[in-house]
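Note that the numbering runs from 1 along the sequence shown for the chain. Scope of the values below: all heavy atoms of this structure, side chains included, with no hydrogens, waters or symmetry mates. Please read these numbers as outputs of a predicted model, since none were measured by experiment.
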Amino acid sequence: MKNNWWKILTVLLLIFTVVAGMLSEVPRLAILNETIRNLYFHVPMWFGMILILLVSVIYSIKYLRNPTIKNDIVAYEAAKVGILFGVLGIVTGMEWARFTWGEYWSNDPKQNASAIGLLIYFAYVVLRSSFAEQQQRARISAVYNIFAFAALIPLLFILPRLTDSLHPGNGGNPGFNSYDLDNRLRLVFYPAVLGWTLLGIWIVNVRSRFELLRQRLYETV
């Protein structure tokens, strides 16, 4: 039980996020209206994606310094979970855009940059499948993973700010904190970020342990 407290916390945070996110009062802002509830899902998933991909790149660096199979597996599984969160972030963002911008995809710089970032990570998955030898696959994938993360950050946080954008916080548009000081949003938003991120780490933990076990069974056969 001592080692599982964070899993219990994850479940409680996500239950709170879903229930409070759907039922709690939210500020009535122009255009956004009820769609502002997506703030508890779309944005935290992107936060979770960034943090989980950061874990992935840290383990890629660890692999280059200490080439163990565990470091390679954790880096790969974290990258895949990060990609999953990124896809969920884009899907929830598209649904939000349909109600606020009038269409699912408007070629907004933030949308395009996010799609390019995900394509870079999809290429990482394809790259790994193109090598049969484990050490070569792990080493080249680790190097690629480092450059992929280095490319993702400016794509998401720098380039969209340099052009006109409909997205809050980009292209001269204010972010939520700039004009909305309603603590009702923060009360759910921060637990949502923590909950979704912990869920991602939980999935990485389970998948990594499963893959390590599978590798050990393969070596003993």
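Side-chain contact check for Val87 versus Phe122: some heavy-atom pair is nearer than 4.5 Å. By the 4.5 Å heavy-atom criterion applied to side chains, Met94 and Trp101 are not counted as neighbours. Taking 4.5 Å as the limit, every side-chain heavy atom of Gln135 sits out of range of all side-chain heavy atoms of Ile69. In this structure the side chain of Pro44 never reaches within 4.5 angstrom of the side chain of Thr197, judged on heavy atoms. Contact of the Leu159 side chain with the Pro109 side chain is not registered, since no non-hydrogen atoms from C-beta on lie closer than 4.5 Å. Contact check for Val74 versus Tyr63: no side-chain heavy atoms found under the 4.5 Å cut-off. Side-chain contact check for Leu51 versus Val55: every heavy-atom pair is 4.5 Å or farther apart. You'll find the side chain of Arg209 stays beyond 4.5 Å of the side chain of Arg207, heavy atoms only.
A cation-pi geometry, defined here as NZ or CZ lying under 6.0 Å from the six-membered ring centre and within 45° of its normal, holds between Arg128 and Tyr76.
Using a 30° and 60° split on the angle between ring planes, Tyr144 and Tyr124 fall in the parallel class, below 30°.
Remark: Phe47 CZ is loosely packed, at most 12 non-hydrogen atoms of other residues, nucleotides or ligands lying under 6.0 Å away. Under a cut-off of 6.0 angstrom, the local environment of CZ in Arg137 is crowded, with over 12 non-hydrogen atoms contributed by other residues, nucleotides or ligands. Within a 6.0 Å sphere centred on CD of Gln134, other residues, nucleotides and ligands contribute more than 12 heavy atoms. In this structure, Phe131 places its CZ atom where more than 12 heavy-atom neighbours from other residues, nucleotides or ligands lie under 6.0 Å away.
At a threshold of 4.5 Å between side-chain heavy atoms, the hydrophobic network of Ile, Leu, Val, Met, Phe, Trp and Tyr places Ile73 and Leu53 in two separate groups. Cluster annotation: Val91 and Met45 are assigned to the same hydrophobic cluster (Ile/Leu/Val/Met/Phe/Trp/Tyr, side-chain heavy-atom contacts under 4.5 Å, transitive). A single hydrophobic cluster is seen to contain both Ile50 and Tyr190, as judged by linkage of ILVMFWY side chains at heavy-atom distances under 4.5 Å, directly or through other members.
Between Asn112 atom CG and Ser106 atom OG the span is 8.0 Å, to the nearest 0.5 Å. From Ile52, atom CD1 reaches atom CG of Leu199 across 8.0 Å, with rounding to the nearest 0.5 Å. In this structure, CH2 on Trp202 lies 10.5 Å from CG on Leu9, to the nearest 0.5 angstrom. Here CG of Leu54 is found 4.5 Å from CZ of Phe149. Values are rounded to the nearest 0.5 Å. Distance check, rounded to the nearest 0.5 Å: CG of Asp72 to OG of Ser141 gives 6.5 Å. Between the CH2 atom of Trp5 and the CG atom of Leu12 there is a distance of 12.0 Å, given to the nearest 0.5 Å.
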Practice task
Could you check Met22 against Thr17 for side-chain contact (heavy atoms from CB on, under 4.5 Å), going step by step and ending with a plain yes or no?
Solution key: CA-CA 8 Å; Met22 295 298 182; Thr17 297; over 6 Å; no
Practice task
Show your working on side-chain contact (heavy atoms from CB on, under 4.5 Å) between Gln136 and Ile140 and close with a plain yes or no.
Solution key: CA-CA 6 Å; Gln136 184 185 35; Ile140 294 176; 3.8 Å; yes
Practice task
Go through the steps to decide whether Trp196 and Phe85 satisfy the test side-chain contact (heavy atoms from CB on, under 4.5 Å), and finish with yes or no.
Solution key: CA-CA 9 Å; Trp196 290 115; Phe85 272 53; 4.2 Å; yes
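Here the closest heavy-atom approach between residue Thr92 and residue Asn38 is recorded as O-ND2, 2.8 Å. For the residue pair Ala75 and Ser60, the shortest heavy atom distance occurs at CB-OG, 3.5 Å. Heavy-atom minimum distance, Ile120 versus Leu155: CD1-CD1, 3.9 Å. Scanning all heavy atoms of the two residues, the minimum distance from Asn71 to Lys62 falls at ND2-O, 3.6 Å. Here the closest non-hydrogen pair linking Phe157 and Lys110 is CD2-NZ, 4.5 Å. Shown here for Gln111 and Ala97, the closest heavy-atom pair between the two residues is NE2-CB, 4.0 Å.
Each salt bridge (Lys or Arg N to Asp or Glu O under 4.0 Å) pair with one or both residues in residues 86-104, not counting sequence neighbours, appears once here: Glu95-Arg98.
Here Lys80 pairs with Glu77 under the salt bridge (Lys or Arg N to Asp or Glu O under 4.0 Å) rule; sequence neighbours left out.
Side-chain polar atoms of Asn145 and Ser56 form a donor-acceptor pair below 3.5 angstrom.
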